[in-house]
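Note that the coordinates shown come from a computational prediction; the quantities given were computed from them, not determined experimentally.
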Amino acid sequence: TSTARLISTPSFLVSTDVTSSYVNSPNGATVSIVVNTSLTGLTFTYSLDGVTFQSSPVFSGILEGDYTITVKDQLGCTASIPINPITQVL
């Protein structure tokens with residue numbers, strides 16, 4: 001006899017699954033990234049330059065400038081979104 005097995009694959013990561021917010025302060029902005037929680041089975045890393053990734057979805061002390069958030073899953077798939085220009089608070 002044979003047994004049927006259900007194999008589930010993770011959802012694909014797309015840019016509409018990624019949102020961000022930031023709070024300015026005199027010491028630089030804190031940027032928080034949120035990925036749609038319906039993407040089960042995936043782990044993510046996060047980047048503000050597309051090169052250096054970290055496991056935390058929070059970046060602190062971010063200086064003034066334009067940034068693009070890139071989220072990468074363990075399969076190597078990426079999704080990127082621009083964030084509004086961060087301006088320095090005096």
Side-chain angles (χ1 to χ4, degrees):
T1 63
S2 62
T3 304
R5 294 185 184 181
L6 177 62
I7 300 173
S8 60
T9 57
S11 302
F12 290 102
L13 179 64
V14 295
S15 61
T16 55
D17 293 322
V18 180
T19 59
S20 70
S21 63
Y22 67 89
V23 177
N24 277 330
S25 78
N27 297 323
T30 298
V31 176
S32 298
I33 304 166
V34 176
V35 177
N36 181 342
T37 57
S38 70
L39 296 172
T40 58
L42 296 174
T43 56
F44 304 103
T45 54
Y46 309 88
S47 175
L48 290 179
D49 63 8
V51 176
T52 306
F53 286 82
Q54 65 181 40
S55 60
S56 173
V58 177
F59 294 83
S60 299
I62 304 304
L63 301 177
E64 185 172 18
D66 295 319
Y67 295 91
T68 298
I69 293 170
T70 302
V71 178
K72 180 168 52 173
D73 65 23
Q74 77 270 23
L75 303 173
C77 298
T78 60
S80 298
I81 61 167
I83 57 175
N84 292 331
I86 294 176
T87 57
Q88 194 69 31
V89 174
L90 302 177

Original post:
Quick one: CZ on Phe53 to OG1 on Thr78, what's the gap to the nearest 0.5 Å?
Top reply: 7.0 Å
Original post:
In terms of side-chain heavy atoms, does Ser47 have a donor or acceptor partner in Thr52 at a distance below 3.5 Å?
Top reply: no
Subject >> Validation row: Val35, Tyr46 side chains within 4.5 angstrom (heavy atoms) >> reply: yes
**OP:** Could you tell me whether the side chain of Ile69 reaches within less than 4.5 Å of the side chain of Leu48, counting heavy atoms only?
**Re:** yes
Subject >> Side chains of Tyr67 and Ile62 in contact at under 4.5 Å (non-hydrogen atoms) >> reply: yes
Subject >> Minimal non-hydrogen separation, Val14 against Ala79, with atom names >> reply: C-CB, 3.6 Å
**OP:** Decide yes or no on side-chain contact (heavy atoms from CB on, under 4.5 Å) for Val71 and Ile81, but give the supporting numbers first.
**Re:** CA-CA 9 Å; Val71 178; Ile81 61 167; over 6 Å; no
Original post:
Do Val31 and Leu63 share a hydrophobic cluster, counting only Ile, Leu, Val, Met, Phe, Trp and Tyr and linking them when any side-chain heavy atoms are less than 4.5 Å apart?
Top reply: yes
Original post:
Is there side-chain contact between Asn36 and Thr16, with at least one heavy-atom pair below 4.5 Å?
Top reply: no
Original post:
What pair of heavy atoms forms the shortest contact from Ser80 to Ser15, and how long is it?
Top reply: O-CB, 3.5 Å
